[in-house]
Peer 1: 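Attaching a single structure in structure tokens format; questions to follow.
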Amino acid sequence: MSDYHPFTPDQAAHFADLHSDLFGDHSQLTAQEFGDGNLNLVFRVKNNRSTSLIVKQALPYARCVGESWPLTLDRARIEAQVLRQHAKLCPDHVVEVYHFDQSLAAILMEDLHQYEIARSALIQGKRFPLLGQHIGHYLAQVLFHTSDFVLTGPVKKAQQLQFNNPELCLITEDLFFTDPYSNHERNTISPAILPQAQQLWLDTELQAEVAQLKADFLSKPQALLHGDMHSGSIFVKADSSKVIDAEFGFFGPIGFDCGSFIGNLLLCALAQPGLCQDPATALDRQSYLQGQIVLFWTTFSDEFSHLMQQETADISFQNKLFQQRFLTQIWQDSLGYAGCELIRRTVGLAHVADLEKIADQSQKTKAETAALTLGRQLIMQRSSLSLTQLIELI
Ligand code: ADP
Ligand code: MG
């Protein structure tokens with residue numbers, strides 16, 4: 001990594017120009033760093049005809065904390081390679097990577113400026129009727145085609161080595177599964193819900209279930225996950241959705257990606273009474289989000305079942321009963337991971353704007369309490385809850 005240096009805007013523009021033909025010979029390029037993400041530099045490079053590209057570069061530390069939190073530059077390679085592999089399997093729903101430079105830890109990619117980040121749009125009450133369908137289709141395709149249903153043992157094991165991502169996985173292991181269940185200094189807890197947070201630290205039955213979900217995260221390499229499937233990793237517009245930011249990708253439990261997506265729609269739904277003044281509007285938005293959860297799971301499960309029936313290469317895995325049990329297990333894991341997402345986004349290090357944007361303190365306390373309660377229910381009841389019962393719980 002001897003060539004590595006963090007880009008200035010001019011260097012990012014030069015990098016983009018060098019590795020793309022899109023700008024043309026006499027372009028005047030301007031570049032601006034505008035990333036609002038937690039970990040990396042993100043530059044927009046534009047020419048004088050409004051053609052633009054994105055340069056994303058990893059820093060040798062976590063941007064949100066600073067140099068005291070060193071972090072591997074290899075995450076840029078993981079991100080570029082996961083995005084490229086997923087794009088091959090589902091080109092409609094993945095941002096296009098044009099170039100990757102390993103020594104600079106820099107990715108040149110498509111600028112999705114005509115889209116908006118799903119989290120911000122959903123908070124504003126905007127609706128994307130196909131969001132759940134798009135993400136259900138994306139996850140079914142990429143997770144099925146990187147699983148044992150398709151890959152032979154040796155090929156999958158080689159890919160597991162390629163996507164070995166210990167440092168970023170450790171962040172998830174800590175922030176998702178460990179910190180919220182103890183009085184950890186990284187936690188951020190609103191004073192009003194401190195008693196409920198303290199309950200989590202004493203709740204050994206809940207902790208046993210979370211330990212099981214964590215053990216599965218560590219030891220169930222079912223498919224090549226995106227690894228960070230929250231609503232801030234999805235760009236949306238009316239008729240299209242595209243996933244970005246796959247630096248947490250690794251071979252893990254399929255339900256982790258599904259549960260992260262469901263969990264973030266649930267957080268947005270629980271925040272609605274605090275986000276809009278009018279109770280009828282809040283209810284209406286909640287039912288839209290519930291509808292998207294249903295659309296997501298029905299799309300994902302129908303398509304995953306169909307793929308298992310039609311495209312399973314391994315003869316053992318062609319067994320119908322096994323396939324039904326496999327899908328049921330994905331659902332139960334998804335509920336568990338969605339529950340963990342609700343809890344860690346409420347009391348852990350990384351909070352979400354959905355809850356943070358609630359101005360009224362008592363409304364915020366209500367939403368946070370609801371997130372902890374629903375999170376616990378999903379984790380504890382994941383082996384018996386149906387999709388209909390999940391929707392009724394919200
Ligand atoms: P991090 O890994 O640091 O979290 P992200 O990949 O989430 O970085 O990107 C941070 C922000 O940069 C996004 O929220 C978005 O505003 C912007 N961004 C990232 N990729 C693109 C892209 N391909 N097109 C347009 N904007 C982008
Ligand atoms: Mg990000």
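All values below come from the heavy atoms of this structure, side chains included, with hydrogens, waters and symmetry mates left out. Whatever order the structure lists them in is the order used to number ligands and atoms, beginning at 1.
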Peer 1: Taking distance alone, with N or O pairs closer than 3.5 Å, would you say Leu39 contacts ligand 1?
Peer 2: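 Between Leu39 and ligand 1 (N or O atoms, distance only) the closest approach is under 3.5 Å.
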Peer 1: Do any N/O atoms on Asn40 end up under 3.5 angstrom from N/O atoms on ligand 1?
Peer 2: yes
Peer 1: Okay, side chain of Arg345, backbone of Leu342: is any donor-acceptor separation there less than 3.5 Å?
Peer 2: no
Peer 1: May I ask you to list the atoms of ligand 1 that are less than 4.0 angstrom from any heavy atom of Arg44?
Peer 2: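 Close to Arg44: 25 (C).
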Peer 1: With a 6.0 Å cut-off on the ring centroids, do His5 and Phe7 count as close?
Peer 2: yes
Peer 1: At under 4.0 Å between heavy atoms, which part of Phe235 makes contact with ligand 1: side chain, backbone, both or neither?
Peer 2: side chain
Peer 1: Any idea which atoms of ligand 1 are less than 4.0 Å away from a heavy-atom of Lys56?
Peer 2: 1 (P), 2 (O), 5 (P), 6 (O), 8 (O)
Peer 1: Using a 4.0 Å cutoff against the non-hydrogen atoms of Val95, which atoms of ligand 1 qualify?
Peer 2: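 Under 4.0 Å from Val95, ligand 1 has these atoms: 23 (N).
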Peer 1: Does NZ belonging to Lys237 count more than 12 external heavy atoms closer than 6.0 Å?
Peer 2: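 For Lys237, atom NZ is crowded (more than 12 foreign heavy atoms under 6.0 Å).
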Peer 1: Using a 4.0 Å cut-off to any heavy atom of Leu112, which atoms of ligand 1 qualify?
Peer 2: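 Near Leu112, meaning under 4.0 Å from one of its heavy atoms, ligand 1 has 22 (C), 24 (N), 25 (C).
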Peer 1: Which of the atoms of ligand 1 are close to Glu247, meaning less than 4.0 Å from one of its heavy atoms?
Peer 2: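 The atoms of ligand 1 under 4.0 Å from a heavy atom of Glu247 are 2 (O).
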Peer 1: Relative to the heavy atoms of Asp111, which atoms of ligand 1 are at a distance of less than 4.0 Å?
Peer 2: 24 (N), 25 (C)
Peer 1: Just checking His134 against Tyr138, ring centres under 6.0 Å apart?
Peer 2: no
Peer 1: Just which atoms of ligand 1 are under 4.0 Å from any heavy atom in Met109?
Peer 2: 23 (N)
Peer 1: Taking the six-membered ring for Trp, are Phe163 and Phe250 closer than 6.0 Å centroid to centroid?
Peer 2: no
Peer 1: Closest approach of Gln141 and Cys90, non-hydrogen atoms and distance?
Peer 2: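 Smallest heavy-atom distance, with atoms named: CB-CB, 4.3 Å.
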Peer 1: Out of Gln332, Glu209, Gln212, Gln377, which residue meets the side-chain hydrogen bond (donor to acceptor under 3.5 Å, both in side chains) rule with Arg382?
Peer 2: Glu209
Peer 1: When the ring centroid of Phe34 is compared with that of Phe43, is the distance short of 6.0 Å?
Peer 2: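 For Phe34 and Phe43, the ring centres are not under 6.0 Å apart.
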Peer 1: Any idea which atoms of ligand 1 are less than 4.0 Å away from a heavy-atom of Glu110?
Peer 2: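 Atoms satisfying the 4.0 Å criterion: 22 (C), 23 (N), 24 (N).
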